[in-house]
Protein chains: 2
Amino acid sequence: MKPLEASQCCGPIDELLDADLFKALGEPTRLKLLSCLAKCGRPCSVTELAECCAVDFSVVSRHLNVLEKVGVLTATKEGRTVFYAVKYRHLSNAFHAIASEIESYRPKRRSAKT
Amino acid sequence: MKPLEASQCCGPIDELLDADLFKALGEPTRLKLLSCLAKCGRPCSVTELAECCAVDFSVVSRHLNVLEKVGVLTATKEGRTVFYAVKYRHLSNAFHAIASEIESYRPKRRSAKT
DNA sequence: CACATACTTGCATGCCCGTGCAAACATACG
DNA sequence: CGTATGTTTGCACGGGCATGCAAGTATGTG
């Protein structure tokens, strides 16, 4: 029996499922920061975003850096201020692609409800 | 200046961004298990899935349990064997919803490319 | 130059969690 | 029953990471 033989090799889904991205989003404080920034709809400074959550602003700075590293945010320095902004299109495209890819793997026939 | 006032309260995006889900997917071994199971296209046992990755099968058991807890997989016991299966629709719907929600927050005008 | 503002970085602490091994548990089979 | 198979659980270990504080860097202001 070789049930998983086809699963051993890589496929489109392996390219899309980025552990670092999920890990970055899997932290409540970071997720809150992303949520705040998304709802804000404009670039915000580290100090501004630090008001969103009850942690030291140095922690916020580190979190924002992590989110930027995984491609969720962009960082733009203006003078002594760093503005972070959500990469809306990149994010929505990524999640949409994941959704489509997963859907494509769903057995369409002779299968119990999944 | 009250730049984040509208961001302080909860919105649809806060309901969709589930830290536990992302945390569960943010672990390489778990992600691999999900990928294998998705590509397999049918329910698999713990022992089968343990062949996918180079960790002890007890670890696999725990990982699968985590993925089930967050609603990514279903567990069905048949005799002494437990079959795990991907909740395709639930997953694709979740990611699609996240993508749409993020897209909805994207400023449509007078904004630099995001 | 002195000082304030905005942010980053070094360091120490504590906690969470992934891991492997062994034992326990559950179920099927003679 | 006793044994084999499939899975879960208890336990201990180790590494990674979120956190806060303090010091350092960068930039603007007077």
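Order of the sequence lines fixes the chain letters, A, B, ..., with proteins taken first and strands second; residue numbering starts at 1 for each chain.
Spacing between atom NZ of A:K77 and atom P of D:dA26 amounts to 8 Å, rounded to whole angstrom units. To the nearest angstrom, P of C:dT8 lies 9 Å from CD of A:E68. At whole-Å resolution of the value, CZ in B:R62 and P in C:dT19 are 10 Å apart. In this structure, CD of A:E51 is placed 11 Å from P of C:dC7, rounded to the nearest angstrom. Taking atom CG on B:N65 and atom P on C:dT19, their separation rounds to 15 Å, with Å as the unit. Look at NZ on B:K23: it is 12 Å from C1' on C:dC15, rounded to the nearest Å. One can place CG of B:L33 at 12 Å from P of C:dG18, the figure rounded to the nearest angstrom. Spacing between atom CZ of A:F83 and atom P of D:dA26 amounts to 20 Å, rounded to whole angstrom units.
Residue B:V59 is classed as a base contact, given a heavy-atom separation below 4.0 Å to a base. Among the atoms of the strands shown, only primed sugar atoms or phosphate atoms (P, OP1, OP2) are found under 4.0 Å from some heavy atom of B:Y84. Within 4.0 Å of B:T29, counting heavy atoms only, lie sugar-phosphate atoms of the nucleic acid but no base atom.
Comparing B:T47 and A:F57, the nucleotide of DNA chain D nearest to each residue sits closer to the 5' end for B:T47.
Checked by atom type and distance alone, the side chain of A:Y88 pairs as donor or acceptor with a backbone atom of A:A38 at under 3.5 Å.
Side-chain N/O atoms of B:R30 include one lying less than 4.0 angstrom from OP1 or OP2 on C:dG18. Taking only side-chain nitrogens and oxygens, B:H63 never comes nearer than 4.0 Å to OP1 or OP2 of C:dC17.
Side-chain proximity of A:S61 to D:dG20, C:dT8, D:dT8: nearest is C:dT8. Among the nucleotides D:dT27, C:dG18, C:dG20, the one closest to any side-chain atom of A:R80 is D:dT27. Ranking D:dT27, C:dC7, D:dT9 by closeness to the B:S58 side chain, first place goes to D:dT9.
Between A:F95 and A:F22, the angle of the ring planes lies from 30° to 60°, which puts this pair in the tilted group.
We find that B:K108 and B:E103 are joined by a salt bridge, their nearest charged nitrogen and carboxylate oxygen being less than 4.0 Å apart. Between A:K69 and A:D20 there is no salt bridge, since no side-chain nitrogen of the basic residue lies less than 4.0 Å from a carboxylate oxygen of the acidic one.
No side-chain heavy atom of A:L25 sits less than 4.5 Å from a side-chain heavy atom of B:L17.
No N or O donor and acceptor, one from the side chain of A:S45 and one from the base of C:dC7, sit under 3.5 Å apart.
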